[in-house]
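When a residue number appears, it is its place in the shown sequence, counting from 1.
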Amino acid sequence: MNLVRPFSRRCVLQGVALAAAMTATGAMAQAWPSRPITLIVPFAAGGTTDVLARALGERLQQSLGQPVVIESKPGAGATIGADFVAKAKPDGYTLLVGAVHHTIATSVYKKLPYDFQKDLAPITTIAMVPNVLVVNANTPARNVNELVALLKAEPAKANYGSNGNGTAQHLIGTQFQNNTGAKLTHIAYKGSGPLATDLLGGQVLMSFDTITPVLPHIKAGKLRPLAVTTATRSPALPDVPTLDEAGLKGFNIGTWFGVLAPVATPKDIQARLNTEMVKILKSPEFRQRMADIGADPIGDSQEQMAATIKAETEKFGKLVKDANVTIE
């Protein structure tokens, strides 16, 4: 009898401690969110990632009852921001607004301090936005064929800007160069804002940016769209042909944007984030706002987004290898 009692007391105490720990953990999860949430944008302000983050954040803080802060951490083709979130405390308060660029960076950068598929948990895809080839309105080229002729006739002017090394714009530019035989100088920026400034000022000849940041300049007549890079035309620019229609076969690259969290973030918080975000993305008001900026809202499940990331990583891995694009 005396030998059993201490063992029983120990079991009881351990059980009480475990129950208390589980209760505390449950209470913490139920209390989320109890303070501001930060959405990390891995590009400079003014680009599509920033615009989508602000549009989503505005509605997310209404549904969650806590402020949503947008913070830019640009550089290295969006990998600095991704690395920051991958290493952030997994408590649901620091999230990444990632994009297709991250699935490309996996193959382009020889050494990344994080694993995009293993260190970050997909929450949901915000939207898909087509990329568009644009030139300054003062450029004489009015279609893709005329642009290619200009590039070959005046190689000193043959350059294009992108949102950074290893981004979709960089890869599209490389494919464009390989398909046309034109020799292009790639100029990397930290985001669409500074890129648009130089494009409007004539410091850079053209870009393959997403529609969202250039659409106002197109409507104002300051930039001229020559082709979209997706397989089908964009409803935002219905009169602009695809690169395939313009004679450059095999182009079908658009840019998706989505939210991710540190992989160890509690599953219930991840699920809550997905539920709240999908509700916002599916609302008529948000869908109309996206249509106005040339974006197609998605709002998928975590599993669907993970499958997209896996497939895109494999697809771009092949494209990167074929295009021989690598960055130390």
Side-chain angles (χ1 to χ4, degrees), residues 47-48 100 104 128-164 167-189 192-256 291-296 316 319 322-323 325:
T48 304
V100 68
I104 299 172
M128 171 68 77
V129 186
N131 292 66
V132 57
L133 166 57
V134 294
V135 295
N136 188 291
N138 294 323
T139 303
R142 295 190 170 276
N143 56 54
V144 173
N145 288 334
E146 290 181 4
L147 175 63
V148 173
L150 175 65
L151 294 172
K152 292 181 177 181
E154 301 182 50
K157 296 181 179 179
N159 60 42
Y160 73 99
S162 81
N163 282 357
T167 60
Q169 295 98 312
H170 181 193
L171 191 58
I172 293 169
T174 301
Q175 276 195 283
F176 183 88
Q177 175 176 269
N178 293 342
N179 285 21
T180 61
K183 295 188 181 300
L184 305 176
T185 298
H186 172 228
I187 303 173
Y189 291 81
S192 296
L195 168 57
T197 298
D198 279 4
L199 190 60
L200 292 168
Q203 285 81 22
V204 62
L205 176 65
M206 62 190 204
S207 78
F208 299 91
D209 209 342
T210 46
I211 287 179
T212 301
V214 297
L215 190 58
H217 304 304
I218 291 173
K219 290 181 177 179
K222 296 179 180 180
L223 294 179
R224 181 182 302 129
L226 301 185
V228 294
T229 66
T230 44
T232 58
R233 296 192 182 195
S234 167
L237 297 170
D239 298 326
V240 177
T242 65
L243 279 173
D244 190 84
E245 291 174 326
L248 300 182
K249 302 301 180 181
F251 273 92
N252 183 21
I253 298 178
T255 301
W256 58 260
D292 292 341
I293 61 174
D296 179 21
F316 285 116
L319 290 176
D322 292 344
V325 179

Side-chain contact, heavy-atom cut-off 4.5 Å: [X] with [Y]?
| X | Y | value |
| --- | --- | --- |
| K157 | L150 | no |
| N178 | Q175 | no |
| M206 | L184 | yes |
| D209 | V134 | no |

Kindly say whether [Y] contributes a backbone atom to a donor-acceptor pair with the side chain of [X] at under 3.5 angstrom?
| X | Y | answer |
| --- | --- | --- |
| T139 | V135 | no |
| D198 | V204 | no |
| K152 | T180 | yes |

[atom1]-[atom2] distance between [X] and [Y], expressed to the nearest 0.5 angstrom:
| X | Y | atom1 | atom2 | answer |
| --- | --- | --- | --- | --- |
| N159 | Q203 | CG | CD | 10.0 Å |
| L243 | I172 | CG | CD1 | 8.0 Å |
| I253 | Q169 | CD1 | CD | 10.0 Å |
| H170 | I187 | NE2 | CD1 | 12.0 Å |
| L133 | L226 | CG | CG | 4.5 Å |

Begin from the C-alpha positions of S192 and N163 and carry the test side chain to side chain contact (heavy atoms under 4.5 Å, CB included) through to its verdict.
-> CA-CA 6 Å; S192 296; N163 282 357; 3.2 Å; yes

Non-hydrogen atoms of [X] and [Y] that approach each other most closely:
| X | Y | value |
| --- | --- | --- |
| G221 | A137 | O-CB, 3.2 Å |
| S207 | L199 | OG-CD2, 3.7 Å |
| A227 | V144 | CB-CG2, 3.9 Å |
| A236 | I211 | CB-CG2, 4.4 Å |
| T48 | P213 | OG1-CD, 3.0 Å |
| G294 | V129 | O-CG1, 3.8 Å |

Does a side chain donor of either N252 or T230 reach within less than 3.5 Å of an acceptor in the other side chain?
->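 The criterion, which ignores hydrogens and geometry beyond distance, is not satisfied for T230 and N252.
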
Pair N131, T255: side-chain N/O donor-acceptor within cut-off below 3.5 Å =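 Indeed, the side chains of N131 and T255 share at least one donor-acceptor pair under 3.5 Å.
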
Among all residues two or more places apart in sequence or in another chain, which pass the ring-ring contact (aromatic ring centres under 6.0 Å, His included) test with Y160?
->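 Checked Y160 against ring-ring contact (aromatic ring centres under 6.0 Å, His included); matches are H186, F208.
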
Check step by step if side chain to side chain contact (heavy atoms under 4.5 Å, CB included) holds for V132 and L237.
-> CA-CA 9 Å; V132 57; L237 297 170; 4.1 Å; yes

Are L200 and L223 close enough, and set up right, to give a side chain to side chain contact (heavy atoms under 4.5 Å, CB included), and what steps lead you there?
-> CA-CA 7 Å; L200 292 168; L223 294 179; 3.9 Å; yes

Residue among N179, V228, D244 satisfying side chain to side chain contact (heavy atoms under 4.5 Å, CB included) with F251 =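 By the side chain to side chain contact (heavy atoms under 4.5 Å, CB included) criterion, F251 pairs with just one of N179, V228, D244: N179.
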
Going by the salt bridge (charged side-chain N to carboxylate O under 4.0 Å, His left out) test, which pairs reach into residues 221-236, not counting sequence neighbours?
->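 The answer is R233-E245.
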
Which is it for T167 and I104 under the side chain to side chain contact (heavy atoms under 4.5 Å, CB included) test, yes or no, and what are the steps along the way?
-> CA-CA 7 Å; T167 60; I104 299 172; over 6 Å; no

